[in-house]
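Data block below; observations after.
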Amino acid sequence: MPKLIIDGTEIEVEDGITLIQACEAAGVQIPRFCYHERLSIAGNCRMCLVEVTGMPKPVASCALGVNDLRPAPDGTPPEIQTKSETVKMAREGVMEFLLINHPLDCPICDQGGECDLQDQAMTYGVDASRYAENKRAVEDKNIGPLIKTMMTRCIHCTRCVRFMSEVAGVEELGAIGRGEDVEITTYLEQGMRSELSGNVIDLCPVGALTSRPYAFAARPWELRKTETIDVMDALGSNIRVDTRGREVMRIMPRNNDDVNEEWISDKTRFIWDGLRTQRLDQPYIRKGGKLRPASWDEALAAVARRLKKAPGNRIAAIAGDLAAAEEIFALKDLLTGLGSPNMDCRQDGAALDPAKGRASYLFNSGIAEIDEADAILLIGTNPRVEAAVLNARIRERWRRGGLSVGLIGREAALTYDYDYLGAGPDTLRQVAAGKHPFHRVLKRAKRPMLILGQAALSGSDGAAVATLAAQIASATGMLASGSNGFNILHLAAARVGGLDLGFVPGKGGLNTAAILRAAKAGKLDVLYLLGADECNLEDLGNTFVIYQGTHGDAGAQAADVILPGAAYTEKSGTYVNMEGRTQLTQRAAFPPGDAREDWAIIRALSGHTGEPLAYDNLSALRGAMYDAHPHLAHIGAREAGDAADIEKLSKARAALGKKAFGQAVADFYLTNPIARASAVMGQMSALAGAPRTRATGTDG
Amino acid sequence: MSVRRLDSLQPKSFKFNAENARWATAQMKKFPKGKQASTVIPLLWRAQEQHGGWLPEPAIRHIAEILDMAQIRVLEVATFYTMFNLSPVGKYFVQLCGTTPCMLRGAEEIKEVCRRVIGPQGQVTEDGVFSWLEVECLGACVNAPMVQINKDYYEDLTGEIFEQILMDLREGKEVPPGPQNGRQFSCPEGGPTTLLNGGAAKDGSPAKKPAVARRKPRAKGAGK
């Protein structure tokens with residue numbers, strides 16, 4: 001552990017870190033542009049210069065390891081000055097050079113107000129320019145519908161290039177030309193094809209790469225920032241929603257090392273235009289085949305009439321992928337009160353059952369544990385589209401070396417090398433029986449894990465697949481010594497919460513497929529869809545369908561009564577992510593029109609049916625929910641499952657089918673009603689499906 | 001230097017001919033497995049030679065494919081090094097050194113000849129024979145001013161001599177490369193200035209004869 005004297009204070013720092021990190025540890029802020037903790041070191045902006053006693057010139061602190069410094073002959077630790085006159089002058093010089101070619105267009109720049117260059121020019125720069133010559137101008141590049149470029153502003157820090165090739169794993173951005181003429185571009189200005197490309201907007205320290213959908217929409221200081229949770233996938237990325245008035249203007253990532261580090265997927269970031277379109281803003285009742293606007297009283301009364309008339313076993317409910325735990329809990333109470341056991345939160349029919357123990361449906365090892373894994377078996381999953389940020393984490397681990405990845409299921413372009421083991425159950429059986437070479441790889445590994453996707457679980461033999469996976473976990477030591485490498489990769493933000501709350505068929509109850517079959521056959525009177533759009537709702541017979549949700553999507557098409565609810569940015573809701581971490585969304589904006597928070601709609605409905613639920617406000621509901629499920633009260637904490645459940649699961653009988661595993665996500669950009677309402681997502685989807693040509697941006 | 005772009009007119013496709021393809025495979029084998037990308041510069045160079053002195057866009061894609069590299073990475077290399085011409089060049093591609101020693105010894109005059117005889121910098125003459133480009137130091141300062149035509153150096157030029165060289169090339173005549181004022185390589189102009197005693201060493205050992213003889217200076221109007 002080397003000792004350093006930074007600005008006169010002695011400090012002992014970790015081995016192997018760089019000087020900039022040591023300064024940070026000492027509480028000294030070093031200005032920087034190109035340096036970023038999660039990217040490789042480039043050392044090309046020169047902004048982080050510090051003075052090291054004994055060195056003839058200032059040194060770039062981002063690129064100098066603390067172990068490369070030697071103590072003085074008398075044994076005093078190396079001395080670093082960060083506030084000396086030399087350092088001040090060095091920074092002013094660097095700043096002046098950076099500003100030589102940087103346009104003075106801050107008033108029309110979207111980065112204005114949150115620009116590193118602006119801030120650091122104020123703090124470390126000089127007050128005037130001595131440069132009278134013409135500035136360089138660079139042609140803007142069209143790199144897709146998400147990212148707007150203004151390349152004259154680029155200061156060549158290459159953070160974006162490094163991010164795309166290192167984290168996103170897509171070598172698309174590059175720096176062509178050299179010297180003053182360096183230009184950042186994609187090959188022939190093709191659109192970037194990555195699920196994480198939006199992160200370069202945050203990384204860009206200037207206004208060269210900005211958000212195209214957000215262009216000229218707002219200034220950072222006009223926005224109200226709400227820290228909340230994303231529901232586009234089951235990762236539960238930590239996000240910040242920026243709103244102005246009632247409208248969500250943009251979505252940014254928040255740092256959470258255990259979940260999403262500081263990245264979010266493009267779907268998470270650019271979904272917000274979908275929150276404005278296709279919204280259900282008032283109740284509707286179908287009369288004569290047409291949906292007509294109605295008041296809340298009319299709509300709730302109509303629903304209550306049907307619910308009261310129907311016998312319990314002829315009522316059913318399906319909870320959707322974006323529902324928060326609160327409304328699922330309330331809906332379960334409502335259905336139980338009506339005597340119905342027919343409820344399900346697994347729209348895709350995945351073979352996950354809370355009765356088998358919580359560990360049987362969690363990403364048990366935890367997301368952060370991927371950093372330690374040395375062998376990963378992917379079964380029926382394509383993490384790149386199912387959980388893009390998690391995939392980046394696997395890639396990050398893979399880049400460090402010593403990770404073997406095997407894939408059973410459909411081949412996909414992941415961003416790391418993997419051994420393709422086979423397409424389906426046959427290969428899985430071989431691996432489980434120890435007859436496949438990859439079994440040995442897993443067995444030899446110190447921290448093996450398997451990731452089981454919904455594509456493998458939602459087949460008719462899903463339960464058998466889970467059992468075999470559990471056998472692999474048990475046989476290869478994934479369950480040894482307190483760790484648990486049996487991981488389920490979920491797609492729906494609501495899924496783990498729904499399973500935790502036991503929103504699955506009760507005794508003699510019907511599951512999703514059975515509910516839909518019963519509806520078609522006329523064996524069901526009332527079907528309650530809580531934001532459920534991802535199952536086949538085309539033919540529900542004469543069943544009275546209630547759709548409570550946010551967007552006019554498949555569910556609303558099929559509905560007889562529509563109850564407009566609140567989207568995830570408009571309510572405080574509990575979501576449990578795939579690793580079992582309870583997180584809370586916060587209200588950033590109000591729901592449009594007459595739409596209400598979802599739990600309140602169910603509570604109001606219970607009043608109309610004559611059996612009011614036992615809670616009148618959100619905190620009372622949460623109180624009841626926490627009493628029944630104490631782990632939901634621990635916001636931010638991860639409640640692990642019991643590894644013994646997996647051992648038990650592995651003992652079950654398994655009758656495997658023959659069908660190869662399919663794909664769970666056909667189109668990354670259109671997985672939920674909000675995404676389908678978003679024009680930006682539609683554009684990206686079209687671009688992803690189109691043959692590789694030049695980018696098709698909307699403008700510019 | 002200025003911004004370098006791929007030419008707007010590109011051939012539809014590019015492929016190494018059989019001989020070059022064989023050569024490329026041999027080059028790749030010089031590097032450990034998985035490090036074949038190290039051959040990117042030789043391959044680009046060979047592609048440029050095959051394609052008449054300039055590098056078309058399909059060649060960049062072709063090489064990216066051969067080397068299993070991202071296309072943008074190959075483009076980065078091709079645009080970084082000015083030795084890769086991204087636009088067509090003449091049959092005789094004149095690279096004129098304009099750096100200080102050549103400039104002091106009259107590169108401006110040579111440049112003027114280029115402008116007059118060939119045309120604006122970077123443009124190919126209508127008959128496709130010439131194009132010229134001012135480049136940085138080519139390392140022949142002793143023989144300044146000088147130009148490089150395709151692979152050969154033509155040194156110790158004057159405007160007159162250089163114009164004559166261009167004329168000869170246009171007529172398809174062979175022009176010997178090297179100093180054009182009669183001197184041998186970079187020997188002192190006008191004869192030796194040291195070792196005038198015949199090179200006899202103090203110990204009395206016999207003097208060596210100069211190993212090379214003076215060449216005939218290039219006659220004015222030769223080849224007319």
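Every chain is numbered from 1, with letters handed out A, B, ... down the list of sequences.
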Residue [X] versus chain B: region with a heavy atom under 4.5 Å:
{"X": "A/Glu180", "answer": "neither"}
{"X": "A/Val170", "answer": "neither"}
{"X": "A/Ser165", "answer": "side chain"}

Check ion pair [X]-[Y] (N to O, under 4.0 angstrom):
{"X": "B/Glu76", "Y": "B/Arg73", "value": "yes"}
{"X": "B/Arg4", "Y": "A/Asp181", "value": "no"}
{"X": "B/Glu65", "Y": "B/Lys15", "value": "no"}

Task: Best-contacting candidate, B/Leu6, B/Leu75, B/Val74, against chain A by heavy atom pairs under 4.5 angstrom - done: B/Leu75
Open item on the list: Suppose we call two aromatic rings close when their centres sit under 6.0 Å apart. Are A/Tyr418 and A/Trp398 close by that rule?
Closed with: no
- [ ] Could you tell me which portion of B/Arg61 (side chain, backbone, both or neither) has an atom closer than 4.5 angstrom to a non-hydrogen atom of chain A?
- [x] both
Open item on the list: Both conditions, 6.0 Å and 45 degrees, for the charged tip of A/Arg178 above the ring of B/Phe80: are they met here?
Closed with: yes
